[in-house]
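As structure tokens, the structure follows; a few thoughts come after it.
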Amino acid sequence: MIANYLLMGISYGMSLLLFVSFAAKAFTFSEFQAAVLRFEIVKGRIAGVVAYAVLVAEIILATAMALLIALPYVFAVNLCMMAVFTWALWRASRKQAALDCHCFGASRKPTSLSHALIRNSILIALSGASIWLSLISTPLQAGSLNTLCALVAAALVYLTMKELTHTTLPLKNKA
């Protein structure tokens, strides 16, 4: 029984995270596309295709997690996607590159690659734990559309508040 609650909590939390990530990337898509090129995940024109594929994967995964559908498979795909992102971050950190990953939209400063690596490692561990939990727990009842709508709304409210905070904070003078 506790495994079910843990699985639901992780599913809803990861779903919210993926909705935020999807919306942030979609709002600043050209910057995300450029980040795919800078991180050298792929070269040339295919970077645009990969960027779109990431968006499609994130929205499908977030929706499936919110609706508690096919969780072992969903978390396995999420684990693989996060492993690729972590590999790209690790490569950038080895090159001592100061890059902005645009994982959660545009930023005023470069991404802390060490923090991003730790964050992604935790997300990979949670995905692995969720695969295990979904295999040992009793099958979950499908989630509701109300939950899906609430998670999407929460993601949009978070991004709106983030944008408002960034635009209303005074910039420091460098005098």
Pairing residues for A51 by the side-chain contact (heavy atoms from CB on, under 4.5 Å) criterion, not counting sequence neighbours: F29, F32, Q33, V36
Distance, nearest 0.5 Å, that separates [atom1] of [X] from [atom2] of [Y]:
X    : Y    : atom1 : atom2 : result
I60  : L55  : CD1   : CG    : 11.0 Å
N78  : M14  : CG    : CE    : 4.0 Å
T86  : I118 : OG1   : CD1   : 11.5 Å
F19  : I59  : CZ    : CD1   : 5.0 Å
L61  : S11  : CG    : OG    : 11.5 Å
N120 : H115 : CG    : NE2   : 13.0 Å

Around atom [atom1] of [X], are there more than 12 heavy atoms of other residues, nucleotides or ligands at under 6.0 Å?
X    : atom1 : result
L145 : CG    : no
I2   : CD1   : no
W132 : CH2   : no

Following the transitive rule for hydrophobic clusters with a side-chain heavy-atom cut-off under 4.5 Å over Ile, Leu, Val, Met, Phe, Trp and Tyr, establish whether V50 and M82 coincide in one cluster.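 Result: yes, single cluster for both.
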Transitively linked via ILVMFWY side-chain contacts under 4.5 Å: L156 with L18?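 Result: yes, single cluster for both.
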Residues L89, F39; criterion side chain to side chain contact (heavy atoms under 4.5 Å, CB included); working and verdict: CA-CA 7 Å; L89 288 166; F39 273 90; 3.7 Å; yes
With F75, the side-chain contact (heavy atoms from CB on, under 4.5 Å) member among V77, L79, L71: L71
When you check the side-chain N and O atoms of S130 and S127, is any donor under 3.5 Å from an acceptor? no
Is there a side-chain contact between Y12 and L68, using heavy atoms and a 4.5 Å cut-off? yes
Would you check, one step at a time, whether the test side chain to side chain contact (heavy atoms under 4.5 Å, CB included) holds for L148 with T63? CA-CA 7 Å; L148 176 66; T63 302; 4.2 Å; yes
Under a 3.5 Å distance rule, please check whether S93 uses its side chain to pair with a backbone N or O of W90 as donor and acceptor. yes
